[in-house]
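Just below is one structure, and these are the notes that go with it.
Numbers for residues simply follow the sequence, beginning at 1.
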Amino acid sequence: MSSPARFDRGHTDDLMTFLTASPSPYHAVANAAERLEKAGFRQLSETDAWDSGTGGKFVLRGGALIAWYVPEGAAAHTPFRIVGAHTDSPNLRVKPLPDMGSQGWRQIAVEIYGGTLLNTWLDRDLGLAGRLTLRDGTERLVNIDRALLRVPQLAVHLDRSVNSDGLKLDKQRHMQPIWGLGDPHEGDLIAFLEEEEGLEHGSVAGWDLMVHSIEPPSYLGRDRELVAGPRMDNLLSVHAGVAALAAVSGAAKLDHIPVLAAFDHEENGSQSDTGADGPLLGNVLERSVFARGGSYEDRARAFAGTICLSSDTGHAVHPNYGERHDPTHHPRANAGPILKVNVNQRYATDGSGRAVFAAACERAGVPWQTFVSNNAMPCGTTIGPITAARHGIQTVDIGVAILSMHSARELCGADDPYLLANALVAFLEG
């Protein structure tokens, strides 16, 4: 492995800004799109005919974004180099009938999204964010980034065995946040949001809302060498992918088309029109081929030469639970991005993919590590195997090692986001 690239604190500062500004997948893709537009990319509508022009382009659909850069001289069969990531994170999401209450407390009915660590949402000051759909069909992003909600834990005096027997939480009974006193009234929450957004009463017809911790990201530790913050899984990769794609756009000599694919709904299986198991990525890539005058043969040639790095967070070795990790694979913070391997295809990496990733890290001067699960522990998965199987393209699973994955507040090394971004730049440059 080469010596590490010089750590740029500015990249991690910017990551923390991005995390704060992106409390929902809809905010994440809006912020990513704004950054790409500043880099010269332009938005395309899926309902319009696409031209054959060069340059940076992107499409938005819900909480997903696909962006790509067509270099000068790109042929219809030019292959793609894709950075894949996801925009969603485990959290608590507002139910269709949100107004509820008990014992004189007003509450908001929530549903558990993804495999969240439930206890990490207790006794936190929570905001509310997401998307409102108005009766005229337009959409409005909303972010109440102040102490609005709280899920109160039962006092130890009323649960004397909590520290000896462990905390046991019922997802339905124990996770409904409070937001005031009195009796609940149907329509209160949406009326409150309409007032906050300056909308006419009754103008909201639909909503996709979720809670978030309002505590901002921060550096941590004696030497500020760690970063704690929300939604690192997986906005850390989205942020790095946006930065990498913007950096390579305009490159004079590219023999491929660099792409960023940021999907929604990874945390619950990716099966949606904005998830990796849906048709969005394939449709965009095919339309890009056909817009340049390509045929199905050109599409097949382009896909056969395409490589995807599926970038998602992985597990750093835990100081208090070392036995839960494979004894010979201990990813550490600030030691560079990780290559994720599972022979049962929970990750898509194989030996040739390993070589692709190692070559990119070597060109970038970035150290890297390998993650594999303990044989006695089940292995998680990513968009990697789904992307490989659905589109028939070579896919490699990578990411950044973190602690407290799926917590309301996660932890990584302060160097690693920058090191990942450097590796992604080298990969997209080819």
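Using a 4.0 Å cut-off between a side-chain N of Lys or Arg and a carboxylate O of Asp or Glu, Arg93 and Asp88 do not qualify as a salt bridge. Here Glu72 does not pair with Lys253 in a salt bridge; the nearest charged N to carboxylate O distance is not below 4.0 Å. By the 4.0 Å N-to-carboxylate-O rule, Asp51 lies close enough to Lys57 to be salt-bridged with it. Ion pairing between Glu111 and Lys95 fails under the 4.0 Å rule for side-chain N and carboxylate O. A salt bridge between Arg42 and Glu37 is absent, with no side-chain N of the basic residue lying under 4.0 Å from a carboxylate O of the acidic one.
Separating the CG atom in Leu339 from the CG atom in Leu309 is a distance of 9.5 Å, to the nearest 0.5 Å. Separation of atoms OH (Tyr69) and CZ (Phe41) is listed at 8.0 Å; rounding is to 0.5 Å. The distance from atom CG of Leu419 to atom CH2 of Trp368, rounded to the nearest 0.5 Å, is 14.5 Å. Between atom CD of residue Glu197 and atom CG of residue Leu141 there is a gap of 9.0 Å, rounded to the nearest 0.5 Å. Distance check: His315 NE2 to His329 NE2 gives 14.5 Å after rounding to the nearest 0.5 Å. Here CZ of Arg231 is found 9.5 Å from CD of Glu410. Values are rounded to the nearest 0.5 Å.
Within 6.0 Å of CG on Asp170 lie more than 12 heavy atoms contributed by other residues, nucleotides or ligands. A 6.0 Å sphere centred on CD of Glu46 holds more than 12 heavy atoms belonging to other residues, nucleotides or ligands.
Between Trp179 and Phe192, the ring centre distance stays below 6.0 Å. A ring-centre distance under 6.0 Å is found for His11 and His239.
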Residue pair Arg9, Asp415: steps toward the salt bridge (charged side-chain N to carboxylate O under 4.0 Å, His left out) verdict: CA-CA 8 Å; Arg9 180 57 60 89; Asp415 294 5; 5.6 Å; no

side-chain contact (heavy atoms from CB on, under 4.5 Å) assessment of Ile214 paired with Leu126: CA-CA 6 Å; Ile214 65 170; Leu126 304 173; 5.9 Å; no

Side chain to side chain donor-acceptor pair (under 3.5 Å) assessment of Asp397 paired with Ser310: CA-CA 5 Å; Asp397 273 298; Ser310 165; 2.9 Å; yes

Working for side-chain contact (heavy atoms from CB on, under 4.5 Å), residues Leu285 and Ile82: CA-CA 10 Å; Leu285 298 184; Ile82 305 169; 3.9 Å; yes

side-chain contact (heavy atoms from CB on, under 4.5 Å) assessment of Leu235 paired with Phe18: CA-CA 8 Å; Leu235 294 188; Phe18 185 78; 4.2 Å; yes

Steps toward side-chain contact (heavy atoms from CB on, under 4.5 Å) verdict (Leu128, Asn143): CA-CA 6 Å; Leu128 189 66; Asn143 182 12; over 6 Å; no

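Between the side chain of Glu266 and the backbone N or O of His86, no donor-acceptor pair lies under 3.5 Å. Looking at Arg81, its side chain never comes within 3.5 Å of a backbone N or O of Ile257 through a donor-acceptor pair. Put simply, the side chain of Arg292 gets close to the backbone of Ser288: a donor and an acceptor are under 3.5 Å apart. In this structure, the side chain of Asp416 engages the main chain of Gly336 through a donor-acceptor pair within 3.5 Å. Without hydrogens or angle criteria, Asn334 side chain to Ala414 main chain gives a donor-acceptor distance under 3.5 Å. A donor-acceptor pair under 3.5 Å links the side-chain atoms of Ser45 to the main chain of Thr47, judged by distance alone. Here the side chain of Arg409 pairs a donor or acceptor atom with the backbone of Pro216 at under 3.5 angstrom. Of the possible polar contacts, none joining the Gln43 side chain to the Val59 backbone as a donor-acceptor pair under 3.5 Å is found. Formation of a donor-acceptor pair under 3.5 Å by the Tyr347 side chain with backbone atoms of Pro385 is not found in this model. Using modelled atom types, one side-chain atom of Arg346 and one backbone atom of Cys379 make a donor-acceptor pair closer than 3.5 Å.
Pairing each heavy atom of Ala76 with each of Ala302, the nearest pair is O-CB, 4.4 Å. Closest approach of Pro367 to Pro337, counting heavy atoms only: O-CD, 3.3 Å. Taking every heavy atom of both residues into account, Ser352 and Gln394 meet most closely at OG-NE2, 3.0 Å. In this structure, Leu420 and Leu236 approach most closely via the heavy-atom pair CD2-CD2, 3.7 Å. Annotation for Thr382 and Ile386: closest pair O-CD1, 4.1 Å, computed over non-hydrogen atoms. In plain terms, the two heavy atoms of Gly278 and Arg390 that are nearest each other are O-NE, 2.8 Å.
Looking only at atom types and distance, the side chain of Ser295 has a donor-acceptor partner in the side chain of Asp298 under 3.5 Å away. Side-chain atoms of His265 and Ser270 form no donor-acceptor pair, as typed in the model, at a separation below 3.5 Å. Between the side chains of Tyr219 and Asp13, at least one donor-acceptor pair of N or O atoms lies under 3.5 Å. Side-chain contact annotation: His406 with Glu267, donor-acceptor N/O pair under 3.5 Å present. Judged by distance alone, the side chains of His212 and Asn91 never bring a donor and an acceptor atom under 3.5 Å apart. Using a 3.5 Å distance cut-off with no hydrogens or angles, the side chains of Ser22 and Asn31 do pair a donor with an acceptor. No side-chain donor-acceptor contact under 3.5 Å links Thr133 and Trp207.
The shortest side-chain heavy-atom distance between Val151 and Asp123 does not fall under the 4.5 Å cut-off. Side-chain atoms of Val343 and Val372, non-hydrogen and from C-beta on, never get closer than 4.5 Å to each other. Side-chain contact between Ile383 and Asp277 is absent, with no heavy-atom pair separated by less than 4.5 Å. Side-chain atoms of Phe357 and Phe427, non-hydrogen and from C-beta on, never get closer than 4.5 Å to each other. Looking only at side-chain heavy atoms (C-beta outward), Ile393 and Thr395 come within less than 4.5 Å of each other. Residues Ile178 and Leu149 are not in side-chain contact: their nearest non-hydrogen atoms beyond the backbone lie 4.5 Å or more apart. By the 4.5 Å heavy-atom criterion applied to side chains, Asp312 and Lys340 are counted as neighbours. Two residues are said to be in side-chain contact when any heavy atoms from C-beta on lie closer than 4.5 Å; Val396 and Cys308 fail this criterion.
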